2 protein chains.
Amino acid sequence: MKRSIPTKRTTIYDLAELAGTSASAVSAVLNGNWKKRRISSQLAEKITRLAEEQGYALNMQASVLRRERSKIIGMIVPKYDNRYFGSIVEQFEALARERGLFPIITCTRRDPALEIEAARAMLSYQVDCLIATGATDPDRIADICSAAGVRAVNLDLPGSRVPSVISDNFAGALELTRRVLANCEREFGEKAPLLFVGGRGTDHNTSERVRGFRAAHAEAGVAVDETLVLTCGYAPEKAENAMKAMAEKVGTLPRGMFVNSTISLEGVMRWIRRSGHYADRIPHLGCFDWDPFVAMLGDHIEMVRQDVPRMLDAVFEIIDSGASDLKVIQIPPIVEQTG
Amino acid sequence: MKRSIPTKRTTIYDLAELAGTSASAVSAVLNGNWKKRRISSQLAEKITRLAEEQGYALNMQASVLRRERSKIIGMIVPKYDNRYFGSIVEQFEALARERGLFPIITCTRRDPALEIEAARAMLSYQVDCLIATGATDPDRIADICSAAGVRAVNLDLPGSRVPSVISDNFAGALELTRRVLANCEREFGEKAPLLFVGGRGTDHNTSERVRGFRAAHAEAGVAVDETLVLTCGYAPEKAENAMKAMAEKVGTLPRGMFVNSTISLEGVMRWIRRSGHYADRIPHLGCFDWDPFVAMLGDHIEMVRQDVPRMLDAVFEIIDSGASDLKVIQIPPIVEQTG
DNA sequence: CAATTCTGCTTCATCGATTGAGCAAGCGAG
DNA sequence: CTCGCTTGCTCAATCGATGAAGCAGAATTG
């Protein structure tokens, strides 16, 4: 049963010979437009049966090479290590498949160079459209796509060259901060500024969330403590180190925190546990992102969950409609019920 | 700047014309074997420069069509909603890219039909090799691949037609069960059978883990309570419902549980919280899988983490070496330190 | 100086599917 | 019986890259 010579794949020419007909008839039958090409249903049936019997599989490379559109759609994503990106990818695949598109995905691990390389690779594979998710430099990717005449859409982080779909970070952060401030006031009886930790100060999402954070403080009549705004990056270690440094600097530790992603929360929680600073009283947390186990961590954590289904619907609406106006669509995130 | 006619892509023929040479020279230069083909370095340089200037990108579809091997490697994965599969996919991409292979991944959401369809789609794209991860029917996929002369490897769940890489489920479950039994005995002073929940009784992993679970009970001289073995599927809702049904049936609730994946744990935790049955004393848990936030849930949870890096190294070792003996490689999982 | 080798290319068939153009047979109308 | 139309196909070019085979002209050898 073992053969070192790989079974030569069946082609339309093989089928044509078997059916005593031409390759073009076979092609027409197998890609469904045999009616347009006036092939008799008898021949169509015969060819279909033969294809089945021979285990024929279309050679996409050949097909795509010849066709105008490839029906391949690409997505670039930073990581697979959290629920947010996980559900983005899963949803993306489902919606693509629904439309008869073939999804290909690349994880760039937040590496800007890999991001560009991945975009180029996707173009080489003739994607019809590329979705850049959480890209560090979405405009660069958009430029590369535009040079190849390929449509692009930004997701999660906005760009200025192609349409973008993002969460309403300001509104989400505003509400989240409000809640944490209220929780703190309820428990400790006084208003005090919160800590903001995680994210890159230069990225749109983080700056919008900081803006919401500030707005909520202003609303409550609390002055933001600038030494407590730690946009140190997303990685757990970075958040952990930033917390450590912060604790050494400030007099009294904040009683409430705004954590900018579950990834950063991992580091924050680690620090809280290891440092022992909060052994007496657990701080109130707000996390911009959702995770089922974080939700179980206790009722001192509020979460804002980005609305992935609506975000991806918006992405595909742009793709389906062929729209290319440079709008940024903001999807309101969902404030999770605690408890 | 907006053009409805997509910029015609530069091809090697365009470059050839610009360089006043032939397409085959361009091809030789751009795919790096111009020395073999005795192209002068002057011409090589000129072509390289032109390619750069014109933003030339290889058409992979054309290239793959012509070549013997596609250098595309496929992976089928059930879900993206947990750390285990997330890191599998991330690692897979990294290792593939390291080898100059182009990874394509499809998420089947545990749907057997989609699994087959996805495998066929990958074959249509001429993958050189397909990794079936956690497939419900790995042998079916292996057969489809073999008919096309494509190599396959099973990951996470073993099959009988191609090599497999899995966790040492028995050993992991044995150790995990031991620990939970010990934790229960320490706290409650008596030995009592644990609950097993999650997974499909028919899948290899689950049955091996149940075997480990039983072996640990036997070792401790505790009889397994058969009404407490709930292989109800992985989904959170299934685990939750199984717990509910179990609670209505048994007299005293188990004080310790073996939970077969973080996914199932989600349902178990939900039930524990909602039912209120464990309001007085938290049960001791063992989870076969790892998640950072589960680890933070408390010191009453033990976890076994599957060794994804080693598993994928093993997969690529099989691929690199071209081995096709039907062995099942078992990778010992890592017992996480609690606290 | 003729014979050979080497250099640096070009030519052309090929991979498999797609599709516009075209062709032969059949049929109905005039 | 002929013209025109329909039916049911086939032919051949094409997509872009690849590489075996071949071919001038220069360089080297005996």
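Proteins get letters first, then strands, A, B, ... in listed order; numbering begins at 1 in each. Everything quoted here is computed from the prediction, not taken from an experiment. Side-chain atoms are counted along with the backbone in the values below, which use heavy atoms only and exclude waters and symmetry mates.
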Qualifying side-chain hydrogen bond (donor to acceptor under 3.5 Å, both in side chains) pairs, either residue in residues 114-124 of chain A, two or more places apart: Glu115(A)-Thr136(A)
Find the distance Glu17(A):CD to dT10(D):P and express it as a whole number of Å. 13 Å
Spacing of Ile47(A) atom CD1 relative to dT10(D) atom C1', expressed in whole Å: 12 Å
How close or far is atom C1' of dT14(C) from atom CG of Leu65(A), stated in whole angstroms? 12 Å
Mind jotting down which residue pairs meet the salt bridge (charged side-chain N to carboxylate O under 4.0 Å, His left out) criterion with at least one end in residues 121-140 of chain B? Sequence neighbours excluded, please. Arg69(B)-Asp128(B)
What pairs meet the salt bridge (charged side-chain N to carboxylate O under 4.0 Å, His left out) rule with one or both residues in residues 41-64 of chain A, with sequence neighbours excluded? Arg49(A)-Glu53(A)
Taking DNA chain C as the partner, which of residues 55-62 of chain A come within under 4.0 angstrom of it by heavy atom? Tyr56(A), Leu58(A), Asn59(A), Ala62(A)
Give the rounded distance in Å between these two atoms: OH of Tyr13(A) and C1' of dT10(D). 12 Å
From NZ of Lys71(A) across to P of dA17(C) the rounded distance in Å is 17 Å
Flag, side chain of Arg67(B) to backbone of Ser70(B), donor-acceptor distance under 3.5 Å: yes
Under 3.5 Å donor-acceptor pairs involving side-chain atoms of residues 107-114 of chain B, not counting sequence neighbours:
from	atom 1	to	atom 2	distance (Å)
Asp111(B)	OD1	Ala113(B)	N	2.8
Asp111(B)	OD1	Leu114(B)	N	3.2

Suppose we screen for ring pair (Phe, Tyr, Trp, His ring centres under 6.0 Å). Which residues come up paired with Phe102(A), at least two apart in sequence or across chains? Tyr125(B)
Does any pair with a residue in residues 86-107 of chain A pass side-chain hydrogen bond (donor to acceptor under 3.5 Å, both in side chains), and if so which ones, sequence neighbours excluded? Glu90(A)-Lys79(B), Glu93(A)-Arg97(A), Glu93(A)-Tyr80(B), Arg99(A)-Asp320(A)
Whole angstrom is fine here: how far is it from CZ in Arg69(A) over to P in dT19(C)? 13 Å
Integer-rounded Å distance: dC9(D) P and Lys46(A) NZ: 10 Å
How does protein reach along nucleotides 7-12 of chain C, written 5' to 3' as B (base within reach of a heavy atom under 4.0 Å), S (only sugar-phosphate), or - (no contact)? BBBBB-
Under 4.0 Å, counting only non-hydrogen atoms across every strand here, what does Ser27(A) touch: a base, just sugar-phosphate, or nothing? base
Under 4.5 Å between any side-chain heavy atoms of Leu312(B) and Leu155(B), yes or no? yes
So salt bridge (charged side-chain N to carboxylate O under 4.0 Å, His left out) across residues 153-164 of chain B, not counting sequence neighbours, yields Asp143(B)-Arg161(B)
Among residues at least two apart in sequence or on other chains, which ones pass salt bridge (Lys or Arg N to Asp or Glu O under 4.0 Å) with Lys327(B)? Asp325(B)
Pair listing, salt bridge (charged side-chain N to carboxylate O under 4.0 Å, His left out) test, anchored in residues 306-319 of chain A, at least two apart: none
Quick one: is Asn33(B) getting a side-chain N or O under 4.0 Å of the dG19(D) phosphate, OP1 or OP2? yes
Can you tell me how far P of dG19(D) sits from CG of Leu30(B), to the nearest Å? 13 Å
Any protein N or O atoms within reach of nucleotides 26-29 of chain D? Criterion: under 3.5 Å, listing atom names and distances.
none

